[in-house]
> 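Quick one: this structure, given as structure tokens, is what I'll be asking you about.
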Amino acid sequence: MYLFDVRDGSHTGSLSAFFAPTDDKIYLATAANLAASAAKTFSAGTTYVLHFTWGVSGLAIYVNGVADGSNASYTTPALGASLFIGSDYS
């Protein structure tokens, strides 16, 4: 399930964040870099706050204000013209 996606047909290496039900992890990714959270178990009726940061210090994922995944490297990708929230670009 995509949380947000900045890729488009010509910028497929741009930034995206998604939840993968195959391993229950949250990912922040570009074509060159990937940060993953620990496996998650979600409870119905519970609010979760997700923060994603990227820049010179790398990629980071925070869940409810607590660091939960990172990658110290980050290569700035070319960004697509649109930001898709809740879906991927296709």
Side-chain angles (χ1 to χ4, degrees):
M1 174 180 83
Y2 276 86
L3 303 170
F4 70 82
D5 193 350
V6 186
R7 300 173 303 161
D8 61 23
S10 61
H11 296 92
T12 56
S14 290
L15 198 62
S16 63
F18 57 93
F19 174 74
T22 54
D23 61 4
D24 295 329
K25 293 181 180 181
I26 300 166
Y27 290 91
L28 179 60
T30 68
N33 308 108
L34 180 71
S37 72
K40 299 288 164 215
T41 301
F42 296 102
S43 301
T46 302
T47 300
Y48 296 91
V49 178
L50 302 175
H51 293 104
F52 301 96
T53 64
W54 57 91
V56 294
S57 49
L59 302 172
I61 301 169
Y62 296 84
V63 179
N64 295 330
V66 177
D68 197 6
S70 65
N71 182 334
S73 63
Y74 174 68
T75 304
T76 305
L79 298 178
S82 301
L83 168 63
F84 298 88
I85 298 177
S87 69
D88 66 355
Y89 74 93
S90 56

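These figures come from a predicted structure and were not determined experimentally.
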> Kindly compute the distance separating CD1 (Ile85) from CG (Leu3), expressed to the nearest 0.5 Å.
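Taking CD1 in Ile85 and CG in Leu3, the distance rounds to 10.0 Å.
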> Taking all non-hydrogen atoms of both residues, which atom of Ala35 and which atom of Ile61 are closest, and how far apart?
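Reported closest heavy-atom pair: O-CD1, 3.5 Å.
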> Under the salt bridge (charged side-chain N to carboxylate O under 4.0 Å, His left out) definition, can you give me all pairs with a residue in residues 47-64, not counting sequence neighbours?
none
> Partners of Phe52 by ring-ring contact (aromatic ring centres under 6.0 Å, His included), sequence neighbours excluded?
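Phe52 satisfies ring-ring contact (aromatic ring centres under 6.0 Å, His included) with Phe4 only.
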> Which residues pass the side chain to side chain contact (heavy atoms under 4.5 Å, CB included) test with Ala67, not counting sequence neighbours?
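Per chain and number, Ala67 pairs via side chain to side chain contact (heavy atoms under 4.5 Å, CB included) with Tyr62.
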> Which residues, ordered by chain and number, are linked to Tyr2 in its hydrophobic cluster, where ILVMFWY side chains connect at heavy-atom gaps below 4.5 Å, directly or through other members?
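Hydrophobic cluster check, Tyr2: joined to Phe18, Tyr27, Leu34.
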> Work out which heavy atom in Asp5 is nearest to a heavy atom in Ser87; give both atom names and the distance.
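Scanning both residues completely, I find the closest heavy atoms to be CB-O, 3.6 Å.
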> Please list all pairs meeting salt bridge (charged side-chain N to carboxylate O under 4.0 Å, His left out) that have one or both residues in residues 23-39, counting only residues at least two apart or in different chains.
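Passing the test, one end in residues 23-39: no pairs.
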> List the steps and the verdict of side-chain contact (heavy atoms from CB on, under 4.5 Å) for Leu50 and Val63.
CA-CA 5 Å; Leu50 302 175; Val63 179; 3.8 Å; yes
> Just verifying a value: how many Å separate Leu28 CG and Asn71 CG, rounded to the nearest 0.5 Å?
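Spacing of CG (Leu28) from CG (Asn71) equals 9.0 Å.
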> Does any pair with a residue in residues 39-57 pass side chain to side chain donor-acceptor pair (under 3.5 Å), and if so which ones, sequence neighbours excluded?
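Listed once each, the pairs are Lys40-Asp68.
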> Looking at every non-hydrogen atom in both residues, tell me the closest pair between Ser73 and Asn33 and how far apart they are.
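So the two residues come closest at OG-ND2, 3.1 Å.
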